[in-house]
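So the structure is just underneath, and the comments pick up after that.
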Amino acid sequence: MKFQIECNSFKNNQMCLICNQLFQMSEARLIVCSDEGDGFGDICPECIGMGPYWIKSQLQHFSSSLST
C-alpha cells in the first residue's frame, strides 16, 4: 500500500477508511492506494493526526482483512 496526496476542489463528505467516520474533505486529500495505484479510500484529518506509525498499524489490519 502507498499514499497519494491530491489537491481537492470539491467540498464533499467522505467516509474515512480507518475510522469509518464521515468527514468533509479539505483542500488536500490523503488517499490509500494499492501498489498498482488503485484507490481504497481517504483518511480523515483526525486519523492523520494520530501519526504515521498508528496509521501503518491500522492499514496493516485493513490489508489483512482484504486478503481474507
Do Leu22 and Met50 belong together in a cluster built from hydrophobic side chains that touch within less than 4.5 Å?
no
Flag side-chain contact, heavy atom, 4.5 Å: [X] against [Y]:
| X | Y | value |
| --- | --- | --- |
| Ile48 | Phe3 | no |
| Phe40 | Leu59 | no |
| Met25 | Phe23 | yes |

Any side-chain hydrogen bond (donor to acceptor under 3.5 Å, both in side chains) involving residues 23-32? Give me the pairs, sequence neighbours left out, ordered by first then second residue.
Lys11-Glu27, Arg29-Asp42
With rounding to the nearest 0.5 angstrom, report the CD1 to CD1 distance, Ile43 to Ile55.
5.0 Å
Starting at SG of Cys16, measure out to CG of Leu30 and round the result to the nearest 0.5 Å.
9.5 Å
What residues, two or more places apart in sequence or in another chain, satisfy side-chain contact (heavy atoms from CB on, under 4.5 Å) together with Cys33?
Lys2, Gln4, Ile31
State which residues pass side-chain contact (heavy atoms from CB on, under 4.5 Å) with Asp38; sequence neighbours excluded, sorted by chain then number.
Ser34, Glu36
Heavy atoms of Met15 and Asn20 approach each other most closely as SD-O, 2.7 Å
For Tyr53, what are the other residues in its hydrophobic cluster, where any two members join if their side-chain heavy atoms are less than 4.5 angstrom apart?
none
